[in-house]
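The next block holds one structure in the form of structure tokens; read it before the comments.
Predicted model, so just to flag it, every value in this text is computed and none were measured. First listed ligand is number 1; within each ligand, the first listed atom is number 1.
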Amino acid sequence: MDKPAPIGVFDSGYGGLTVLKEIVQKLPQYDYIYLGDNARAPYGNRSFDTVYHYTLQCVKWFFEQGCSLVILACNTASAKALRTIQQNDLPKIDASKRVLGVIRPTAEIIGNFSSTGSVGVLATQGTVASDSYPMETAKFFPELTVYQEACPMWVPLIENNEHTTHGADYFVKKNLHHIFEKGENIDVLLLACTHYPLLKDKIVEYMPVGVKLLSQGEIVADSLSEYLRRHPEMEARCSKNGQRIFFTTDSTGDFDNHAALFYGDDVRSQNVDLGV
Ligand code: DGL
């Protein structure tokens with residue numbers, strides 16, 4: 001058996017740091033390696049094949065670092081690559097390793113927050129096109145109606161630090177208007193992209209009063225905690241020295257400057273060359 005190693009946390013860029021932040025708060029004892037594929041972000045508008053290819057390359061990199069458990073803290077990668085990696089690649093690479101995503105744990109509980117039976121999902125183009133949320137949610141809450149809205153400009157605004165500017169108001173207002181036009185009974189709005197918590201203030205400003213806004217950090221942290229409790233064999237393979245190591249496929253200076261916004265703490269990253 002591999003010796004205990006950090007839990008891998010992956011995103012196309014910075015968004016997964018909003019999830020890592022909550023995971024670290026809930027499970028501080030473990031070691032974590034974060035990888036942001038910033039050189040190729042955003043993934044949101046890319047094809048299934050491209051997202052799959054990039055995500056698999058990053059997952060293999062985590063395995064080379066010794067990780068036995070990798071969390072795709074990215075909805076787009078979870079929607080477009082996770083199933084194929086779990087079903088086709090893992091058995092060939094190492095059947096004892098695990099890759100988990102963020103869509104299923106969210107789908108498992110989202111219906112509990114709604115009284116009207118209508119929820120709204122704000123996500124990237126890729127996540128919406130995959131229909132992963134309506135399909136996964138139907139398994140747990142067959143009566144729930146899921147309205148989706150792709151917000152293709154939100155990640156670029158956030159990655160370029162424009163999310164607090166007036167330019168961002170225009171796109172937030174526009175996408176919220178669309179989703180509430182489609183589903184006027186929506187009483188739960190899910191931020192189904194790990195970048196979106198950075199736009200929370202603006203979203204709250206433009207959404208109807210009484211609607212509950214859900215982001216995924218805590219949901220994923222709770223689900224990981226429960227997973228480790230149910231899988232002691234995997235838990236034993238996760239090292240516990242409270243270490244956090246950050247990698248980016250792009251400039252470390254840019255990463256360190258942006259990352260604190262998402263992670264809420266200073267970050268010192270290292271560059272990884274994936275041949276990008
Ligand atoms: N943060 C990622 C997600 O949750 C995707 C952002 C992107 O690369 O477009 O979907």
Side-chain angles (χ1 to χ4, degrees), residues 8-23 34-59 70-83 85 99-107 110 120-134 136 148-163 168 171-172 175 189-200 203 213-221 223-224 246 248-250 254-255 258-259 261-263 274 276:
V9 178
F10 170 71
D11 183 50
S12 60
Y14 304 109
L17 290 167
T18 63
V19 174
L20 179 63
K21 178 181 165 185
E22 302 294 336
I23 292 179
Y34 184 88
L35 173 62
D37 190 8
N38 298 79
R40 300 185 290 197
Y43 279 13
N45 295 336
R46 294 191 187 273
S47 71
F48 270 77
D49 272 2
T50 304
V51 173
Y52 162 65
H53 175 74
Y54 290 174
T55 306
L56 178 61
Q57 197 184 10
C58 294
V59 164
V70 176
I71 314 292
L72 302 184
C74 173
N75 286 270
T76 312
S78 300
K80 291 182 155 186
L82 181 62
R83 187 178 295 265
I85 291 176
V99 181
L100 306 175
V102 290
I103 295 180
R104 181 154 179 134
T106 310
I110 189 169
V121 170
L122 301 165
T124 65
Q125 192 78 52
T127 301
V128 169
S130 75
D131 263 340
S132 300
Y133 273 99
E136 284 298 317
Q148 303 190 88
E149 171 73 5
C151 311
M153 290 304 291
W154 291 16
V155 169
L157 283 166
I158 295 164
E159 291 264 326
N160 290 292
N161 215 2
E162 293 285 334
H163 56 284
F171 290 104
V172 169
N175 292 121
L189 204 49
L190 172 70
L191 302 183
C193 170
T194 54
H195 281 69
Y196 294 175
L198 267 82
L199 278 169
K200 212 168 180 170
I203 297 167
L213 191 61
L214 276 190
S215 40
Q216 293 174 301
E218 264 180 73
I219 297 173
V220 175
S223 155
L224 177 60
F246 300 87
T248 173
T249 55
D250 209 339
D254 282 353
F255 190 89
H258 278 77
L261 266 179
F262 295 77
Y263 187 57
L274 294 176
V276 174

- Task: Go through Thr76 and Thr124 one step at a time and tell me if the side chain to side chain donor-acceptor pair (under 3.5 Å) criterion holds.
- Result: CA-CA 7 Å; Thr76 312; Thr124 65; 3.0 Å; yes

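Here the options are Thr249, Asp11, Asp250, Thr248, the test is side-chain hydrogen bond (donor to acceptor under 3.5 Å, both in side chains), and the partner is Asn38; only Thr248 passes. With Phe255 as reference, Tyr14 is the one residue of Tyr14, Phe262, Tyr263 to meet the ring pair (Phe, Tyr, Trp, His ring centres under 6.0 Å) rule. Of the candidates His195, Gln216, Lys80, Gln216 is the only one forming a side-chain hydrogen bond (donor to acceptor under 3.5 Å, both in side chains) with Asn75.
Near Gly44, with a cut-off below 4.0 Å to any heavy atom, the atoms of ligand 1 are 7 (C), 8 (O), 9 (O). Heavy-atom proximity to Asp11, at under 4.0 Å, picks out these atoms of ligand 1: 1 (N), 2 (C).
A donor-acceptor contact shorter than 3.5 Å is absent between the side chain of Thr50 and the backbone of Arg46.
When heavy-atom distances to ligand 1 are checked against a 4.0 Å cut-off, Asn75 comes that close through both its backbone and its side chain. If you look at Val102 next to ligand 1, there are no close heavy atoms at all, none under 4.0 Å. Under 4.0 Å from ligand 1, heavy atoms of Pro42 appear from its side chain as well as its backbone.
Checking only distances, Thr124 never comes within under 3.5 Å of ligand 1, N or O to N or O. Not one N or O of Val155 is nearer than 3.5 Å to an N or O of ligand 1, by distance alone. Considering backbone and side-chain atoms together, Ser12 places an N or O closer than 3.5 Å to an N or O of ligand 1.
Interatomic distance, CD of Gln57 versus CG of Leu274, reported as 5.0 Å (0.5 Å rounding). Residue Ser12 holds its OG atom at 6.0 Å from CD of Glu159, rounded to the nearest 0.5 Å.
Looking from atom 7 (C) of ligand 1 to the surrounding protein, the closest heavy atom is Tyr43 N, 3.3 Å. Shortest contact from atom 1 (N) of ligand 1 to any protein heavy atom: His195 ND1, 2.7 Å.
Between Leu122 and Leu189 the shortest side-chain heavy-atom distance falls below 4.5 Å.
Using a 4.0 Å cutoff on heavy atoms, Cys74 counts as a contact of ligand 1.
Comparing Thr76, Leu191, Val19, Asn45 by heavy-atom distance to atom 10 (O) of ligand 1, the nearest is Thr76.
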